[in-house]
Trainee: 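Please find one structure pasted underneath; my questions will follow.
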Amino acid sequence: MEHIRTPKVENVRLVDRISSKKAALGTLYLTATHVIFVENAPDTRKETWILHSQISTIEKQATTATGCPLLIRCKNFQLLQLIIPQERDCHDVYISLIRLARPVKYEELYCFSFNPKLDREEREQGWMLIDLSEEYQRMGLPNNYWQLSDVNRDYRVCDSYPTELYVPRTATAHIIVGSSKFRSRRRFPVLSYYHKDNHVSICRSSQPLSGFSARCLEDEQMLQAIRKASPGSDFIYVVDTRPKLNAMANRAAGKGYENEDNYSNIKFQFIGIENIHVMRNSLQKMLEVCELKSPSMSDFLWGLENSGWLRHIKAIMDAGIFIAKAVSEEGASVLVHCSDGWDRTAQVCSVASLLLDPHYRTLKGFMVLIEKDWISFGHKFNHRYGNLDGDPKEISPVIDQFIECVWQLMEQFPCAFEFNERFLIHIQHHIYSCQFGNFLCNSQKERQELKIQERTYSLWAHLWKNRGDYLNPLFRDDPSQTQGTLHLPTTPCNFMYKFWSGMYNRFEKGLQPRQSVTDYLMAVKEETQQLEEELEALEERLEKIQKVQLNRTQVKSKQSEPSRHSGFSTSDNSTANTPQDYSGNMKSFPSRSPSQGDEDSALILTQDNLKSSDPDLSANSDQESGVEDLSCRSPSGGECVPSEDSGKDRDSDEAVFLTA
Amino acid sequence: MEFSELIRTGQAQAELLRGPEMPPLRGTLCVTGHHLLLSPGPQATPDLWLLLLRSVDSIEKRVAGDAGTITLRCKDLRVLQLDIEGVEATLDIARSIEALSSLESVITSFPFFYRPKGLRLGEAWHFHPPERYYKRIARETRAWRLSEANEDFSLCPSYPRAVIVPRAVDDDALARSARFRQGGRFPVLSYYHAPRGTVLLRSSQPLTGRQKLRCAEDEELLRAVLAEARPGARGFIVDTRSAQAAKQARMTGGGTEAKAAYPGWKRLHRPLERGRPLQESFVRLMEACGDPEQSMDRWLSRLDGCRWLSHVKEALSTACLAAQGMEWEGACILVHGAEGTDSTLLVTSLAQLILDPLSRTMAGFQELIEREWIQHEAPIFLLFLDCVWQLGRQFPLSLEFGEGMLLALFDHSYASPFGTFLCNSEKERCLCEVRTRTHSLWSGLNQPKEQRKLRNPLYVPNPLAIWPSVEPQSLRLWQGLFLRWTHPPEPSEVAWEKVWQIATDQKTEGSQPTDSASEPQP
């Protein structure tokens, strides 16, 4: 491929970030879609695959005696530190990656070459798995108050909205069009979620173009129509998810927020969620904390606090909780907007829906939720996640924050979600991977023009096919936990917001719990189920035999006893327990030869590698992609066994220690 | 002495407030010799609320009009409020609680009166922990012997009668070494690491003082430890004080092992917090967790200001260091601070949990606590429990006991109807006849009805060392403990129930591997 200056560099070292003494020697390959590092160690030949679309930044550091370091930061929070022997090679790799990581045409993205070897029919069925019309029906629509509107047919009114939209029956096309002209980017109020228990809705829009005094009769009528569509309540909430100051500043630009005097029976509420630029910087700061080497507890906690990240997560959650309460407890409909109504509005509407409706806490329901509130309503995936080379100021971790909110809820309500943490992590990964077509472009209109469904595959079908990996064994589909609204404690609970190391440090296995409760319980469940099936089969057989005996026929069963499955308990005991360096700076016990001291752990590690619980996504996907030259021999993941040369490093340190 | 003399009033009507997430209880309040009782009547749940008066740390009373309020601060940092009808009644109850909760005498404490149905006195007491442990290691090595030099507690009042020492060292030498160590705590074996043939020892600081005194027998003892491990074995002395603090200790008669006097041994300083600063850290954290005004903006820095998680990190790191020395280096490890009774025990017991699969079983853990925590000092024992919780979070399948067990130990270490945590030393315990006149906590906890709460249904014996991550990202605030009075525990309780359900569904199909190991032998 034209952009690859050098397809292969040998004797490259991949540095282990936690203990910088460990490094794996191997070969680096650049392909049209991936960066691949293959370790030389003959028994494992461990591979690390990075999709170009995952690359966030590439940093060439000052050359040292050992070579030229290249730092690759990924959007899925993987961090790769390579040391390339020759400066020239390093430069070639750097220049190639700079270009490969910034495609300029959609056609360059991986999903257009990704071929999971499904036939056309399977691909089409994959795209039909998640059907929003079905979802609106599930909510109980259309009904006496809400109807499907065709006003946006051919995207005539709003090009970032979908064509299928639900609006109050009393809102005529005239009202809708009038209202749309009074809203940023013509994103007029439409239904996002209908709570059929009490006929209350959550609607969404962009900000009104109210400036300091402008009014729009149709817009006022639109809000009135929304209120009338929930006859049980005599007012609606209008929630502006921006900080008040930001909203006021917008007035000077002819935008702004609803004046309570002009709209009858609305209660206006600001909920201060910061804008995309603040969030981008906040993530940046948090990732810097994650990258600290052996931070003290104070370094970490202060850094985390200063990043503001958890504060922002809480702000989004608070907004969602406010809306969920308004709907479920006050029985009041809510109109949510921010500026354009595609970032904070999407976050808040989906958090509120998740709190209100147990369906969204199921595997399929969660896919529907993302399809509805994010994909269909024109969340700008391409701009926010930098799929194509564009304005870096447009990039912001908006959906990452939503995904984290879900995780925070899962931590609080361990039995309320059908899916597990891995599901969230894999969705996050694929939002950036561009391996599937779902998250391409900035709107439904663009996706249609690009004929995404004919040319790419759907992630939802892929996840659904592998749903066994994503189930939460603790999920209880009984009323107490999963039906109805999730109730968060009334007392302020700052502690409930925790740092998500499973996401932001997910590639540093050493930092994660070494044994997985989820995997263990799933194995147990599976085992139990198999035993039950066997029991059933045996009972059936017994019945048959008895019948046969009744007929006085001799039966000689040659069928062997169904073998008892090997105990899951032993196989699940694979503890990836590589100790880290506990001696701090003193280097008190520099190991003579780490591989020797480590031998039993090492043994177990190989076992762990073979059945790695968190399959490295890139490696997995590539098995399907049919990239032939480097087929995966073993899924990467887990810690690597310390290599020979690292032992030498440690020895030199010991010398220092001994003389000290 | 009769308790009745201290009880000023029979009963009163009162309302009990137990915290933001708990409904208030109304009923008849009553003080007995050991308890404060509130009986809301047979229809209510619970129908009886009970508080051991020993757990009361401080009491405040206020009266207004014809009613009064008593605020009880408990040793476990719970705050309870009682609204009582009648001024006289309030004052009488307050005086009764004050008098009864401050009784010092061990033998009038509740464990000496507690006689629950279904338990027999003398059951499940580990009468001779060192003897039992010695039997275990004698199967592996001949290098160590059981010494009864401390039979009458004359060498060291805080050691048990029997201790495990190098075979090559005789009792006279032990006596001399004891005189050279603070409180007589000479180096004794804490754990024998069979896979590498190395040992973990503990002691108190040597009394080198300003004059830099030496003790030939003490030096001989440590030399013998290395010689018996294997020729050329190395040793590390993990001092839980900073180098500076250890040096300063010389001014008051203490000190550290001089390098030249103990060939083969190297000193490492890993300062660990203990005593008052640790208690303050604990109190600050409890306050922070219960503070409804605390905003998210400053929560993490406040958490950091409490220092508790830093202490957890330091304690775990030091234990890992000691364990790593044994497992990787094949080195012998001696741990001590000053008195050798607090952070020392924290390090030695955590190192064993990391290395020794047996100590991670229900029975093994109970033995470990009996053996190591002869004297419990509240905050450091809590720090130990927190560290164990962190291990359990990182290795959820490797401990046979669950969070419930750690919480139960926490509660019982403050105030308990059982005798296990009474007294500060073996000597006192013998004097008070604790083991024959009170019930052992283990007999209470090992009852079948407690198992669903205490046991970890996910437990799978893991023969390997469990190396935890001590990076800040891997350590968490122990919500189950620090937030249990302020945060509704239902979701996690439901989850625990579900875990049990799934795990036991399976186990009824197969064998029950955990049961045989569960009951400690008498």
Side-chain angles (χ1 to χ4, degrees), chain A residues 290 294-302 304-305 310-311 314 412-416 473-474 476 480-481 489 491-495 497-499 501 505 510-515 517 520-521 524-525 527-528 531 567 569 572-573 575 577-580 582-584 586 588-589 591 597 600-601 604, chain B residues 20-21 236 266 268 289 292 294-301 303-304 309-310 313 317 320-321 324-325 327-329 331 393-398 458 460-462 464-467 469-477 479 483 486-488 491-492 494-495 498-499 502-503 505-506 509-510 513:
Chain A
C290 294
S294 310
S296 72
M297 194 52 86
S298 297
D299 294 340
F300 177 71
L301 290 174
W302 277 92
L304 192 56
E305 178 168 291
L310 289 176
R311 185 160 51 83
K314 183 175 185 291
Q412 289 301 299
F413 300 95
C415 302
L474 297 180
R476 284 165 52 124
S480 65
Q481 275 277 307
T491 40
C493 40
N494 301 309
F495 44 78
Y497 297 98
K498 299 172 215 160
F499 172 71
S501 80
N505 287 116
L511 297 182
Q512 311 304 330
R514 310 305 169 87
Q515 296 171 319
V517 174
Y520 177 81
L521 287 177
V524 171
K525 271 186 128 172
E527 180 96 346
T528 311
L531 286 172
S569 40
D572 249 281
N573 192 22
T575 314
N577 46 356
T578 326
Q580 63 185 91
Y582 300 107
S583 44
M586 282 184 66
S588 29
F589 303 136
S591 212
D600 49 357
S601 309
I604 286 302
Chain B
E21 296 291 329
F236 288 95
K266 261 181 220 316
L268 301 171
C289 289
Q294 177 66 44
S295 77
M296 186 69 216
D297 296 19
R298 291 272 153 264
W299 162 247
L300 292 169
S301 51
L303 187 62
D304 177 50
L309 282 173
S310 302
K313 179 169 160 42
S317 313
C320 288
L321 181 78
Q324 220 171 37
E327 171 78 6
W328 285 20
E329 300 299 303
R393 203 186 82 78
Q394 296 191 25
F395 296 89
L397 313 183
S398 295
L458 305 172
V460 179
N462 175 356
L464 301 176
I466 52 172
W467 300 109
S469 160
V470 297
E471 296 299 315
Q473 291 97 315
S474 310
L475 302 175
R476 275 212 193 159
L477 177 67
Q479 290 200 7
L483 302 167
T486 49
H487 193 54
S492 57
V494 171
K498 182 85 188 178
V499 167
I502 297 171
D505 264 7
Q506 167 68 26
E509 294 283 338

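Below, chains carry the letters A, B, ... as their sequence lines are ordered, and counting in each starts from 1. If you're wondering where the values come from, they're calculated on a predicted model, not measured in any experiment. Computed over heavy atoms, backbone and side chain alike; hydrogens, waters and symmetry mates excluded.
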Trainee: So which of A/Ser501, A/Ser298, A/Pro473 has the biggest tally of heavy-atom pairs under 4.5 Å with chain B?
Mentor: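 Looking at each option in turn, the highest pair count goes to A/Ser298.
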Trainee: If the condition is side chain to side chain contact (heavy atoms under 4.5 Å, CB included), which residues does A/Leu310 pass it with, not counting sequence neighbours?
Mentor: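 Result, side chain to side chain contact (heavy atoms under 4.5 Å, CB included) vs A/Leu310: A/Leu304, A/Glu404, A/Gln408, A/Tyr497, B/Met296, B/Leu300.
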Trainee: Tell me the closest heavy-atom pair linking B/Leu458 and A/Leu521, and the distance in Å.
Mentor: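 Smallest interatomic distance, heavy atoms only, reads CD2-CD2, 3.5 Å.
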Trainee: Can you give me the closest heavy-atom contact between A/Arg514 and B/Trp467, atom names plus distance?
Mentor: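 In terms of heavy atoms, the two residues are closest at NH1-O, 3.4 Å.
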Trainee: Among B/Lys498, B/Arg393, B/Lys313, who wins on heavy-atom pairs under 4.5 Å with chain A?
Mentor: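 Max contact count across the listed options: B/Lys498.
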Trainee: Report yes if the side chains of A/Leu474 and B/Val494 come closer than 4.5 Å at any heavy-atom pair, otherwise no.
Mentor: no
Trainee: Looking at every heavy atom in both B/Pro472 and A/Met297, which two are closest together, and how far apart are they?
Mentor: CB-SD, 3.8 Å
Trainee: With heavy-atom distances below 4.5 Å as the criterion, would you say the side chains of B/Ser469 and A/Gln512 are in contact?
Mentor: no
Trainee: Check each atom of B/Arg298 against the heavy atoms of chain A and say whether the ones under 4.5 Å are side chain, backbone, both or neither.
Mentor: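 Both parts, backbone and side chain.
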Trainee: Is any side-chain heavy atom of B/Asn462 less than 4.5 Å from a side-chain heavy atom of A/Gln515?
Mentor: yes
Trainee: Rounded to the nearest 0.5 Å, what's the gap from NZ on A/Lys314 to CG on B/Asp297? Could you check?
Mentor: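 That separation rounds to 8.5 Å.
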Trainee: Among B/Asp304, B/Leu475, B/Val499, which has the most heavy-atom pairs under 4.5 Å with chain A?
Mentor: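 Greatest number of close heavy-atom pairs with chain A: B/Asp304.
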Trainee: Using 0.5 Å steps for rounding, measure from the CG atom of B/Leu303 to the CG atom of A/Leu301.
Mentor: 5.5 Å
Trainee: If you take all heavy atoms of A/Glu305 and B/Trp299, which pair is closest and at what distance?
Mentor: OE1-N, 3.6 Å
Trainee: When rounded to the nearest 0.5 angstrom, what distance separates CG in A/Leu511 from CD in B/Glu471?
Mentor: 6.0 Å
